[in-house]
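In listed order, ligands and their atoms are each counted from 1. The structure displayed is predicted, hence computed values, not measured ones. Here, residue 1 is the first one in the sequence, and each next residue gets the next number.
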Amino acid sequence: MVLFQLCLLRPLLLGQRNLCGLWLGRESFIPARCPTKTHHCHSNNFGFGHYSTSSAITGVRERTLIAVKPDGVQRRLVGQIVQRFEQRGFKLVGLKMLKASEDLLSQHYQELKKKDFFPYLLCYMSSSPLVIMVWEGHNVVQTSRMMVGSTNPAEAHPGTVRGDFGIHVSRNVVHASDSVEGAQREIQLWFNHTELIDWDCCDHSSTTRS
Ligand code: UDP
Ligand code: MG
């Protein structure tokens, strides 16, 4: 009888833990609902009380700059690229389409100024519109780089954006910031702070639970 109760109670207790939120490793835990008022919860229009994205959990509010380059826009790949980031659970906080000036692009690619391909890069990147986005989420910079794949599509793994769609190193479909500091610099370069929307995802707790 005691054994039966233990067998019944254990999965229930473990299940209850899963219902309570998301484990982010040994130390970090995001409760699905606020245990106390001190956790700055919000209730949104959908009636879900959930943990605010402005909480103190390290890295949840990390942001990165993703751009669909002219070849990606011309080949109508914008939707598929946006879908990959949405499916991965990241939050879109900024998006715009523009034809970039060579001046802006040379600031963006400032580290590559001495490379032989630099003039060609500017010419290609300014040739037609880009779709520039800011995505937010846990470890988004590093994860995005993995999702995008190697610079040279010939070396990019299948399943990555460049591995699936890239044609050549000079036509590799997307840009993704390569560090948290780089992302901050690039976001400030491309976006005015009023163009970035700080919003609470209604399904934050349900999409991030295991
Ligand atoms: N690029 C190029 N030829 C090269 C290397 C890079 O045209 O031999 C272009 C390519 O579009 C690449 C961009 O320059 O995405 C920036 O290069 P970086 O090394 O920063 O690669 P990324 O961070 O985009 O993977
Ligand atoms: Mg780079």
*What atoms in ligand 1 come closer than 4.0 Å to a heavy atom of Tyr109?*
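Listed by number with element, the hits are 16 (C).
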_Using a 4.0 Å cutoff against the non-hydrogen atoms of Asn172, which atoms of ligand 1 qualify?_
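That gives atoms 10 (C), 11 (O), 12 (C), 15 (O) of ligand 1.
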With a 3.5 Å cut-off and no angle check, do the side chains of [X] and [Y] form a donor-acceptor pair?
X      : Y      : value
His193 : Gln188 : no
Ser150 : Asn152 : no
Glu195 : Asn192 : no

_Tell me whether ligand 1 is touched by Asp178 - counting only heavy atoms on the residue side and a distance under 4.0 Å._
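Per 4.0 Å heavy-atom rule, Asp178 does not contact ligand 1.
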Please list the nearest protein heavy atom to [atom] with its residue and the distance rounded to 0.1 Å.
atom                    : answer
atom 23 (O) of ligand 1 : Arg145 NH1, 2.9 Å
atom 24 (O) of ligand 1 : Arg162 NH2, 3.0 Å
atom 7 (O) of ligand 1  : Ser170 CA, 3.6 Å
atom 2 (C) of ligand 1  : Phe117 CD1, 3.5 Å
atom 17 (O) of ligand 1 : Leu112 CD1, 3.5 Å
atom 11 (O) of ligand 1 : Lys69 NZ, 3.0 Å
atom 10 (C) of ligand 1 : Val169 O, 3.2 Å
atom 9 (C) of ligand 1  : Leu121 CD1, 3.8 Å

*Work out which heavy atom in Val174 is nearest to a heavy atom in Lys69; give both atom names and the distance.*
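What the structure gives for the nearest pair is O-CE, 3.3 Å.
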*Provide the closest heavy-atom pair for Val68 versus Met133 in the form atom of the first, atom of the second, distance.*
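Closest approach of Val68 to Met133: CG2-CE, 3.7 Å.
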_Residues Arg63 and Asp198 bridged, charged N to O under 4.0 Å_ =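 Answer for the salt bridge query: yes.
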Heavy atom under 4.0 Å from ligand 1: found in [X]'s side chain, backbone, both, or neither?
X      : result
Asn152 : neither
Glu111 : neither
Thr151 : both
His168 : neither

*Specify whether Phe90 and Phe85 have parallel, tilted or perpendicular ring planes, treating 30° as the upper limit for parallel and 60° as the lower limit for perpendicular.*
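It falls in the tilted class, 30° to 60°.
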*Taking the six-membered ring of Trp199, is the NZ or CZ of Lys91 close enough (under 6.0 Å from the centre) and on axis enough (within 45°)?*
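Yes - Lys91 lies over the ring of Trp199, closer than 6.0 Å to its centre and within 45° of its axis.
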*Would you verify whether the NZ or CZ of Arg75 falls within 45 degrees of the ring axis of Phe165 while also being under 6.0 Å from that six-membered ring's centre?*
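No, Arg75 and Phe165 do not form such a contact.
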_Return the OG to CG distance between Ser177 and Leu65, rounded to the nearest 0.5 Å._
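Rounded to the nearest 0.5 Å, the OG-CG separation comes out at 4.5 Å.
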